[in-house]
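Only one structure is covered here, and it is reproduced in the block below.
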Amino acid sequence: MIQSTIPMYLCPDCERTLKHANQWHHCAKVSIPDLFEGKDPELEYIADQILAQVSEWDSVIVSATKNCLVFVHNQTFLVIRPMQKVLDIKFYSEKPVEGSLIFKSAPAGKRFENHVRLGKGHTLNDVLFRLIRHSYQLL
């Protein structure tokens, strides 16, 4: 778990970092390797690369939930969900994001949630990290 300068609450049961003591969450102890059990090892490698870079940003908290990695800076700005053959990477923007990288872009309140799917043979690039960084700065 990454430390933050934002006051946070640590759930005594699952040890997940939350913004408030009474915040709803799925309370279950999950490790990052547990999320990738039975999945292609390349998916974990891609997620590790994202984790290594994004966790270096100021005030980012990373936690594993029962089915995804959640990255929080004031609010959740990035979610990585390992699927059987791909990683579903969700981030936010103020308008829909278009391009060959984008799997789906849909309204979510006053913002848009955007999904990128990366699988075996995909490599990370600066475009994706810029989009994730924009989501971090937006929220």
Side-chain angles (χ1 to χ4, degrees):
M1 192 160 338
I2 308 304
Q3 295 299 314
S4 169
T5 58
I6 301 168
M8 294 288 171
Y9 170 78
L10 186 67
C11 175
D13 298 324
C14 68
E15 298 176 3
R16 184 168 170 199
T17 304
L18 307 166
K19 285 182 77 169
H20 309 285
N22 60 351
Q23 180 178 338
W24 184 92
H25 66 287
H26 187 273
C27 194
K29 266 192 179 182
V30 179
S31 70
I32 293 173
D34 289 346
L35 287 174
F36 291 91
E37 194 171 309
K39 312 276 193 288
D40 188 319
E42 196 167 331
L43 299 181
E44 186 170 9
Y45 176 72
I46 294 169
D48 283 345
Q49 288 180 304
I50 296 170
L51 177 65
Q53 185 161 339
V54 175
S55 65
E56 295 287 318
W57 300 346
D58 289 338
S59 303
V60 171
I61 297 170
V62 182
S63 59
T65 69
K66 81 175 192 176
N67 61 7
C68 61
L69 279 173
V70 178
F71 295 72
V72 177
H73 167 78
N74 296 331
Q75 294 180 17
T76 299
F77 69 93
L78 174 65
V79 176
I80 299 175
R81 185 168 56 101
M83 300 171 78
Q84 198 58 41
K85 296 184 180 182
V86 296
L87 288 180
D88 183 76
I89 301 167
K90 177 172 70 172
F91 57 91
Y92 299 89
S93 62
E94 56 277 272
K95 58 184 180 182
V97 177
E98 297 178 359
S100 60
L101 189 62
I102 304 302
F103 174 75
K104 176 175 83 171
S105 187
K110 294 180 180 180
R111 298 182 180 91
F112 285 82
E113 69 177 36
N114 306 283
H115 295 259
V116 170
R117 293 210 170 153
L118 300 178
K120 194 169 188 151
H122 284 100
T123 56
L124 296 171
N125 60 44
D126 290 338
V127 172
L128 179 58
F129 281 110
R130 277 196 302 273
L131 292 168
I132 294 169
R133 182 69 178 199
H134 181 75
S135 181
Y136 164 85
Q137 293 168 334
L138 180 66
L139 303 173

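Under the side-chain contact (heavy atoms from CB on, under 4.5 Å) criterion, Asp40 pairs with Glu42, Leu43, Lys120, sequence neighbours left out. Residues satisfying the ring-ring contact (aromatic ring centres under 6.0 Å, His included) criterion with Phe112, sequence neighbours excluded, are absent altogether. Here Gln49 pairs with Tyr45 under the side-chain hydrogen bond (donor to acceptor under 3.5 Å, both in side chains) rule; sequence neighbours left out. Taking Phe77 as the reference, Tyr136 meet the ring-ring contact (aromatic ring centres under 6.0 Å, His included) condition, with sequence neighbours excluded.
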Does the side chain to side chain contact (heavy atoms under 4.5 Å, CB included) test come out yes or no for Leu139 and Asn74, once each step is laid out? CA-CA 6 Å; Leu139 303 173; Asn74 296 331; 5.7 Å; no

Would Asn114 and Leu131 count as a side chain to side chain contact (heavy atoms under 4.5 Å, CB included) here? Give the steps. CA-CA 9 Å; Asn114 306 283; Leu131 292 168; over 6 Å; no

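Under the salt bridge (Lys or Arg N to Asp or Glu O under 4.0 Å) criterion, the residue pairs touching residues 68-91 are Asp88-Arg117, Lys90-Glu113, with sequence neighbours excluded. Here salt bridge (Lys or Arg N to Asp or Glu O under 4.0 Å) pairs that include residues 91-112, with residues two or more places apart or in two chains, number zero.
A continuous path of Ile, Leu, Val, Met, Phe, Trp and Tyr side chains, each step under 4.5 Å between heavy atoms, connects Val127 with Leu138, placing both in one hydrophobic cluster. In terms of hydrophobic clustering, with Ile, Leu, Val, Met, Phe, Trp and Tyr side chains grouped at heavy-atom distances under 4.5 Å, Ile89 and Ile102 are assigned to a common cluster.
Side-chain heavy-atom separations under 4.5 angstrom define the hydrophobic clusters, and the remaining members of the one that includes Val86 are Met83.
Within the 4.5 Å cutoff, the side chain of Val116 has heavy atoms near those of the Phe91 side chain. In this structure the side chain of Thr76 reaches within 4.5 angstrom of the side chain of Val70, judged on heavy atoms. Residues Ile46 and Ile80 have side chains not in contact (no heavy-atom distance under 4.5 Å, counting atoms from C-beta outward). Residues Leu78 and Tyr92 fail the side-chain proximity criterion, which asks for heavy atoms closer than 4.5 Å. Taking the side chain as every heavy atom from C-beta outward, Val62 and Val72 never approach each other to under 4.5 Å. Looking at Val79 and Leu69, their side chains never come closer than 4.5 Å, going by heavy atoms from C-beta outward. Between Trp57 and Ile132, some side-chain heavy-atom pair lies under the 4.5 Å cut-off.
Within the model, atoms NE2 of His73 and OG of Ser135 stand 10.0 Å from one another, a figure rounded to the nearest 0.5 Å. Rounded to the nearest 0.5 angstrom, Lys39 NZ and Glu44 CD are separated by 11.0 Å.
Within 6.0 Å of the CG atom in Asp126, the count of heavy atoms belonging to other residues, nucleotides or ligands does not exceed 12.
The minimum heavy-atom distance linking Asn67 with Pro82 is given by the pair O-CD, 3.6 Å. Closest approach of Ala64 to Ser31, counting heavy atoms only: CB-C, 4.3 Å.
A donor-acceptor pair under 3.5 Å is formed between the side chain of Ser55 and the backbone N or O of Leu51.
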